[in-house]
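The structure under discussion appears below in the form of structure tokens.
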Amino acid sequence: MSQDSKDDGSPPREGRRKTMMQRLREAQEQFEEVTGLEVEGVSGFQRSGDGWDLTLEVLELRRVPDTVSLLATYSVELDADGEIEGYKRGKRYTRGRSDG
């Protein structure tokens, strides 16, 4: 019996809501594709109207040693479907620098 004909009472895969982790991964992939930059992590997210506001930590310039690599914080806006509506670079910093 194929999974398509399986009736376990759950909604079809297309009708299921995405988890927050799925949305975050997809947003990271979209951002990397659009900018060509590597996302190192998500440092914040919150609901904003019908969409989401994310804060991403992004590697802008890899250096040796890695403690002096240049990173930046980006604010990213997602629509209700998880598509990027816009982004803006915030602060830039070296990996080895503390916030204090």
Side-chain angles (χ1 to χ4, degrees):
M1 181 181 239
S2 74
Q3 280 191 325
D4 293 335
S5 61
K6 182 179 173 185
D7 186 12
D8 61 2
S10 63
R13 210 171 204 19
E14 304 81 53
R16 293 184 190 162
R17 292 183 63 189
K18 292 180 184 178
T19 66
M20 193 63 224
M21 286 305 299
Q22 288 170 317
R23 289 179 189 275
L24 293 174
R25 282 189 197 104
E26 289 173 4
Q28 288 179 40
E29 290 170 6
Q30 285 180 57
F31 183 86
E32 289 177 344
E33 186 175 334
V34 168
T35 64
L37 299 171
E38 178 184 341
V39 175
E40 296 227 331
V42 177
S43 57
F45 64 91
Q46 67 181 15
R47 199 80 157 121
S48 174
D50 289 336
W52 293 89
D53 288 335
L54 307 180
T55 304
L56 303 179
E57 301 303 320
V58 176
L59 178 63
E60 290 200 324
L61 181 61
R62 188 177 305 278
R63 292 184 178 157
V64 176
D66 194 45
T67 55
V68 295
S69 290
L70 188 60
L71 292 101
T73 301
Y74 281 80
S75 298
V76 180
E77 298 172 23
L78 302 181
D79 65 15
D81 296 322
E83 298 295 317
I84 292 179
E85 288 190 323
Y87 65 90
K88 180 179 176 184
R89 183 175 65 201
K91 66 178 183 174
R92 294 176 90 186
Y93 58 96
T94 56
R95 186 184 304 280
R97 195 191 87 204
S98 68
D99 286 341

**Complete:** So CD of Q28 and CZ of R23: to nearest 0.5 Å the spacing works out to 14.5 Å

**Asked** Looking at R89, E57, R92, which one forms a side-chain hydrogen bond (donor to acceptor under 3.5 Å, both in side chains) with T73?
**Response** E57

**R25 side, atom CZ; M21 side, atom CE - distance, nearest 0.5 Å** = 4.0 Å

**Asked** Is a donor on one side and an acceptor on the other found under 3.5 Å between the side chain of S69 and the backbone of R63?
**Response** yes

**Asked** Do E32 side-chain atoms and V39 backbone N/O form a donor-acceptor pair below 3.5 Å?
**Response** yes

**Prompt:** Atom CG of L24 and atom CG of L54: how far apart are they, to the nearest 0.5 Å?
**Reply:** 6.0 Å

**Message:** I'd like to know whether CD of E85 has more than 12 heavy-atom contacts from other residues, nucleotides or ligands below 6.0 angstrom.
**Reply:** yes

**Shared hydrophobic cluster, V68 / L71 (ILVMFWY, side-chain heavy atoms < 4.5 Å)** = no

**Message:** Could you tell me if Y87 and Q30 have a donor-acceptor pair between their side chains, going purely by distance under 3.5 Å?
**Reply:** no

**Complete:** Interatomic distance, NZ@K18 vs CE@M20, rounded to 0.5 Å, equals 11.0 Å

**Fill in**
On a heavy-atom basis, the closest approach of D50 and R47 is O-NH1, 3.4 Å

**Complete:** On a heavy-atom basis, the closest approach of I84 and F31 is CD1-N, 3.6 Å

**Complete:** In this structure, CG of L59 is separated from CD of E40 (nearest 0.5 Å) by 5.0 Å

**Request:** Look only at the side chain of D79 and the backbone of D81, and say whether a donor-acceptor pair between them is shorter than 3.5 Å.
**Result:** yes

**Item:** Heavy-atom neighbours of F45 CZ exceed 12 at 6.0 Å
**Value:** no

**Request:** To the nearest 0.5 angstrom, please state how far the CG atom of L61 sits from the CG atom of L37.
**Result:** 10.5 Å

